[in-house]
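Some notes on the structure that comes next.
We count residues from 1, following the sequence as given. Everything numeric here is computed off the predicted structure, so don't read it as measured data.
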Amino acid sequence: MMFRKLLFLLPVFLLAQTLAFPQAADSIATDTSTVNRRKLIPVIASEAVFYVAGMSYLHFVWYKDHERVPFHFYNDTKGYQQVDKFGHAFGAYVESYIGYKLLRNAGVPKGKALLYGGTLGLVLQTPIEVYDGLYEGWGFSVPDMIANAAGSAFVIGQELAFDEQVAKFKFSFSPSPYYKQANGYLGDTHLESMLLDYNSHTYWLSVPANKLVPNSIVPDWANVAVGYSAGGMFGEFQNRRYYRGMALPETQRYRQYLLSLDIDWTKIKTDSKFLNTVLKGMFFIKLPFPALEVNSKGQLKGHWLYY
């Protein structure tokens, strides 16, 4: 569930901002065996604190009212049109990306940074699945674990193959038209809807345009992005008919495939150190742009601005 992923995703992101991760791209061009302990120790200590805090929340708060049961599995492969699987992969990607960059910024050699930082997403997400397997109402999800592993592998694989993140995994959110029709099932506020309404999520792979068609005209920061989303969902596997005593609208569940433009924030250079930090910290955010949509209803749509 997206809410629990944010337990680890947000603290790791904040840690990256605090410890000057955005400057890493300029300072790790070559490998080094000189580890900067002044940077490394706060990274390790802070991540450990966040990890313990997150696990404590799960144990003492999240599962407090759920019965402990023998370890069991839960097959949610077909849930939410697989949008939540993209969410798992995205969360693991962001955590691994930041973990790797932080360690490289601290002077950790590339191999070790990939081993300890590049696997961070999988490491952080695995205990959540284990906990799920021990409590009633949940279950250990092998598909979720595969998605988590894929997110971390996407970081590691690109660094090994290209020595950089050629394709970036990004996210965009916009309140769905179903949010106001759901009587609170998809969240009572816009913040809750971001966590509960998978209709509002779009996940993107963003690639530099000049990598697709090599040329000297297109700037390095100009990207092309392909996205995946879904709509019409008022339930995990099938739509609910009622919630809180009120009928929910009948809708057709469908998938959306999108093509759009994007900007690679990490490739934009300014004279402001603060602005550079902000831009590089936005590496996982897809910018609103016109988009072309093909969906499983057989429709072809154009969007003047899609987010």
Side-chain angles (χ1 to χ4, degrees), residues 1-13 16 54 73-101 114-133 138-162 164-173 194-207 223-231 233 236-237 255-260 262 264 266 282-286 307:
M1 191 172 183
M2 182 63 68
F3 175 77
R4 290 175 297 154
K5 289 199 288 287
L6 289 176
L7 284 175
F8 296 113
L9 184 58
L10 291 181
V12 172
F13 172 67
F73 292 86
Y74 178 63
N75 184 1
D76 59 347
T77 304
K78 297 181 180 180
Y80 296 112
Q81 307 286 75
Q82 292 80 47
V83 172
D84 71 314
K85 298 299 173 281
F86 280 86
H88 274 270
F90 169 76
Y93 171 82
V94 172
E95 290 160 346
S96 291
Y97 180 100
I98 292 175
Y100 170 71
K101 292 291 187 179
L114 285 174
L115 177 61
Y116 299 113
T119 59
L120 186 62
L122 180 60
V123 169
L124 291 179
Q125 301 301 335
T126 297
I128 298 178
E129 296 302 330
V130 173
Y131 265 114
D132 280 354
W138 307 96
F140 184 92
S141 171
V142 173
D144 283 354
M145 284 298 299
I146 293 173
N148 295 336
S152 291
F154 194 52
V155 173
I156 296 172
Q158 289 194 88
E159 290 297 332
L160 292 176
F162 310 115
E164 63 172 324
Q165 296 297 300
V166 174
K168 289 186 171 63
F169 204 166
K170 295 192 174 188
F171 171 75
S172 65
F173 163 81
M194 185 175 70
L195 306 174
L196 300 175
D197 184 6
Y198 288 107
N199 301 286
S200 65
H201 295 190
T202 305
Y203 295 94
W204 304 84
L205 284 183
S206 183
V207 182
N223 279 26
V224 175
V226 291
Y228 176 74
S229 186
M233 299 182 293
E236 184 173 9
F237 300 105
R255 305 172 189 274
Q256 296 171 279
Y257 308 95
L258 300 131
L259 178 66
S260 182
D262 188 32
D264 185 347
T266 67
M282 293 166 56
F283 70 93
F284 62 91
I285 297 176
K286 166 69 171 67
Y307 194 61

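- Remark: Lys85 NZ to Asp144 CG distance equals 4.0 Å, nearest 0.5 Å.
- Counting heavy atoms of neighbouring residues, nucleotides and ligands inside a 6.0 Å radius, atom OH of Tyr74 exceeds 12 of them.
- Atoms OH and CD, from Tyr97 and Gln158 in turn, are 10.0 Å apart once rounded to the nearest 0.5 Å.
- Counting heavy atoms from C-beta on, the side chains of Ser260 and Lys286 come closer than 4.5 Å.
- The nearest pair of heavy atoms linking Gly99 to Leu120 is CA-CD2, 3.9 Å.
- In this structure the side chain of Tyr307 reaches within 4.5 angstrom of the side chain of Ile285, judged on heavy atoms.
- Phe169 and Phe90 have perpendicular rings, their planes meeting at more than 60° on a 0 to 90° scale where under 30° would count as parallel.
- For the pair Thr126 and Asn148, the minimum side-chain heavy-atom distance is 4.5 Å or more.
- To the nearest 0.5 Å, the span separating CG on Asp76 from NE2 on His88 amounts to 7.0 Å.
- Between Met145 and Leu122 the shortest heavy-atom distance is CE-CD1, 3.9 Å.
- Using a 4.5 Å cut-off on side-chain heavy atoms (C-beta onward), Lys168 and Tyr93 make contact.
- Here the OH atom belonging to Tyr100 is positioned 10.0 Å from the CD1 atom belonging to Ile156, to the nearest 0.5 angstrom.
- Taken from OG in Ser200 to CG in Leu195, the straight-line distance is 9.0 Å, to the nearest 0.5 Å.
- The closest side-chain heavy-atom distance from Phe154 to Leu205 is below 4.5 Å.
- The aromatic rings of Tyr203 and Phe86 sit parallel to each other, their planes meeting at less than 30°, with 60° as the upper class boundary.
- The residue from Gln256, Gln81, Arg255 that alone fulfils the side-chain hydrogen bond (donor to acceptor under 3.5 Å, both in side chains) condition with Tyr228 is Arg255.
- The shortest non-hydrogen separation linking Leu115 to Thr119 is O-OG1, 2.6 Å.
- The backbone N or O of Met233 lies less than 3.5 Å from a partner atom in the side chain of Asn199, making a donor-acceptor pair.
- Gln82 and Lys78 get closest at one heavy-atom pair: NE2-CA, 3.3 Å.
- Listed here is the closest heavy atom pair of Lys170 and Asp264: NZ-CA, 4.2 Å.
- We find the OG1-CZ distance between Thr77 and Phe237 to be 8.0 Å, quoted to the nearest 0.5 Å.
- In this structure, Ser96 and Gly121 approach most closely via the heavy-atom pair OG-N, 2.9 Å.
- In this structure, His201 and Tyr198 have perpendicular ring planes: the angle between them is above 60°, well past the 30° mark.
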